[in-house]
**Q** 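The structure under discussion is supplied below as structure tokens; questions concerning it will follow.
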2 protein chains.
Amino acid sequence: MTERRDLAAMLQPLVKSLIAAELRVLEEHGISMWSYVVLSALDDSPIRTQAALAEAIGADKTRIISTLDRLQEAGLISREPDPEDRRARLLAITQDGRSARRAAQADIRANEERVLAALSAADRQAFLRAAQALSAMPHEEIVG
Amino acid sequence: MTERRDLAAMLQPLVKSLIAAELRVLEEHGISMWSYVVLSALDDSPIRTQAALAEAIGADKTRIISTLDRLQEAGLISREPDPEDRRARLLAITQDGRSARRAAQADIRANEERVLAALSAADRQAFLRAAQALSAMPHEEIVG
DNA sequence: TATTGTTATACTCTATAACTATA
DNA sequence: TATAGTTATAGAGTATAACAATA
């Protein structure tokens, strides 16, 4: 049997630290974690309903409302009733929102690069490749 | 710039799935996550105070009390006042506790091996080596 | 007075249920 | 009546503060 600690027990503190690092950077940019997640989702493409956005980022629809309020207030997203179905809210990132998100992301990635520098070039590549492969596995396949 | 998603955003869902998998296994063994963490800490060596145990597993001292109650009730740990300082509680795993912990750990690792089988042998090795190296970094060094 | 463990309280985050408006 | 969004409420998990026992 391979002698190692449980994978989850090993990775969880690492992820916790990475999230703490991300929160520090985001705080410098005046953005909350949920705001960053929303901006990142909308930077890929606009979304037609708040429920769809919540679904896309794995959040409850009731939980993102105050975040959307603040983002709209700050002019980082637009949020208008769909003329064709005025129950729905068309969501899109603004130019300011895009700038804010990308500036924050650049700082986050710079810090992650600094951390990854602890690895050899070969291990770094393999680690990222493996992490990508594992995180692409369906939740059910991992849970079994 | 390397084209990849944020590291934390990539790893967090993976860890979440791994924890869900672990919880499923632990449930089959009738052990909670906190109980498993406590048993794992005590399987390495006994601990002289509850505060030290809490510190060791990164928990609040008030938060492990009900867990210790249940473990003691189930006969998986021993917990006696230190004769030399009766404020302190000497904590140790019992033979039953050790059996329970190791049985659970074997199943957890078996599932993790199944997940890791998605990787090539080389990537699997490099991933584990890198994960170990990164998780050994001090929290402050990652946060920056 | 200081320390260990415990209990009581408050706070944060999240999920559930009820409500408004549009369809 | 059904759906999108919102607000109000309740629940779980955690941290903080007060307390009891021992030193």
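Every chain is numbered from 1 and lettered A, B, ... according to where its sequence line falls, protein lines coming before strand lines. Because the structure is predicted, anything quoted here is derived from the model rather than measured. The analysis underlying the following values was restricted to heavy atoms, covering all of them including side chains, and did not include hydrogens, waters or symmetry mates.
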**Q** With a 4.0 Å heavy-atom cut-off, tell me which residues in residues 86-93 of chain B come close to DNA chain D, sorted by residue number.
**A** B/Arg86, B/Arg87

**Q** Taking everything shown except B/Gln105 itself, do over 12 heavy atoms lie less than 6.0 Å from its CD?
**A** yes

**Q** When rounded to the nearest 0.5 angstrom, what distance separates OG in B/Ser32 from CG in B/Leu39?
**A** 8.5 Å

**Q** Just jot down the salt bridge (Lys or Arg N to Asp or Glu O under 4.0 Å) partners of B/Arg24, sequence neighbours excluded, or say none.
**A** B/Glu28

**Q** Through what angle, rounded to 10 degrees, does the axis of the helix from C/dT1-D/dA23 to C/dA23-D/dT1 turn between its ends, using five pairs per end?
**A** 30°

**Q** For B/Arg114, check salt bridge (Lys or Arg N to Asp or Glu O under 4.0 Å) against everything at least two apart and list the hits.
**A** none

**Q** Please determine whether a side-chain nitrogen of the Lys or Arg among B/Glu84 and B/Arg48 lies less than 4.0 Å from a carboxylate oxygen of the Asp or Glu.
**A** no

**Q** For B/Asp96, which residues count as a side chain to side chain donor-acceptor pair (under 3.5 Å) partner, sequence neighbours excluded?
**A** none

**Q** If you apply the rule side-chain contact (heavy atoms from CB on, under 4.5 Å), what do you find for B/Leu116 with B/Leu128, and how did you get there?
**A** CA-CA 10 Å; B/Leu116 289 171; B/Leu128 289 176; 4.2 Å; yes

**Q** State which residues pass salt bridge (Lys or Arg N to Asp or Glu O under 4.0 Å) with B/Arg101; sequence neighbours excluded, sorted by chain then number.
**A** B/Asp43

**Q** Short question: side chain of B/Asp6, backbone of B/Ala8 - any donor-acceptor pair under 3.5 Å?
**A** no

**Q** Would you mind reporting whether B/Leu53 and B/Leu68 have side-chain heavy atoms less than 4.5 Å apart?
**A** yes

**Q** Does anyone know the first and last nucleotide of DNA chain C in reach of chain B, 5' to 3', at under 4.0 angstrom to a heavy atom?
**A** C/dA2 to C/dT7

**Q** Taking the basic N atoms (NZ, or NE/NH1/NH2) and the acidic carboxylate oxygens, is any pair closer than 4.0 Å for A/Asp82 and A/Arg89?
**A** no

**Q** Give a yes/no answer on whether the side chain of B/Trp34 brings an N or O atom under 4.0 Å of OP1 or OP2 in D/dA12.
**A** no

**Q** Should B/Arg86 and B/Glu80 be marked as a salt bridge (charged side-chain N to carboxylate O under 4.0 Å, His left out) after you check the CA-CA gap, both sets of side-chain angles, and the distance that decides it?
**A** CA-CA 9 Å; B/Arg86 302 199 21 253; B/Glu80 308 165 7; over 6 Å; no

**Q** Scan residues 15-24 of chain B against DNA chain C and write down, sorted by residue number, each residue with any heavy atom closer than 4.0 Å; if none is found, say none.
**A** none

**Q** Check side chain to side chain contact (heavy atoms under 4.5 Å, CB included) between A/Ala92 and all other residues, then give those that pass, not counting sequence neighbours.
**A** A/Pro46, A/Ser78

**Q** Does A/Gln125, at its CD atom, have more than 12 non-hydrogen atoms belonging to other residues, nucleotides or ligands within less than 6.0 Å?
**A** no

**Q** Residues from residues 36-50 of chain A sitting under 4.0 Å of DNA chain D, heavy atoms only?
**A** A/Thr49, A/Gln50

**Q** Salt bridge or not between A/Arg79 and A/Glu73? Use side-chain N to carboxylate O under 4.0 Å.
**A** no

**Q** Tell me whether B/Thr94 contacts the main-chain N or O of B/Gly75 through its side chain, where contact means a donor paired with an acceptor under 3.5 Å.
**A** yes

**Q** Only counting residues at least two apart or in another chain, list the ones meeting salt bridge (Lys or Arg N to Asp or Glu O under 4.0 Å) with B/Asp123.
**A** A/Arg129

**Q** Can you sort out which residues in residues 51-84 of chain A have a heavy atom within less than 4.0 Å of DNA chain D? Ascending by number, please.
**A** A/Ala51, A/Lys61, A/Thr62, A/Ile65, A/Arg79

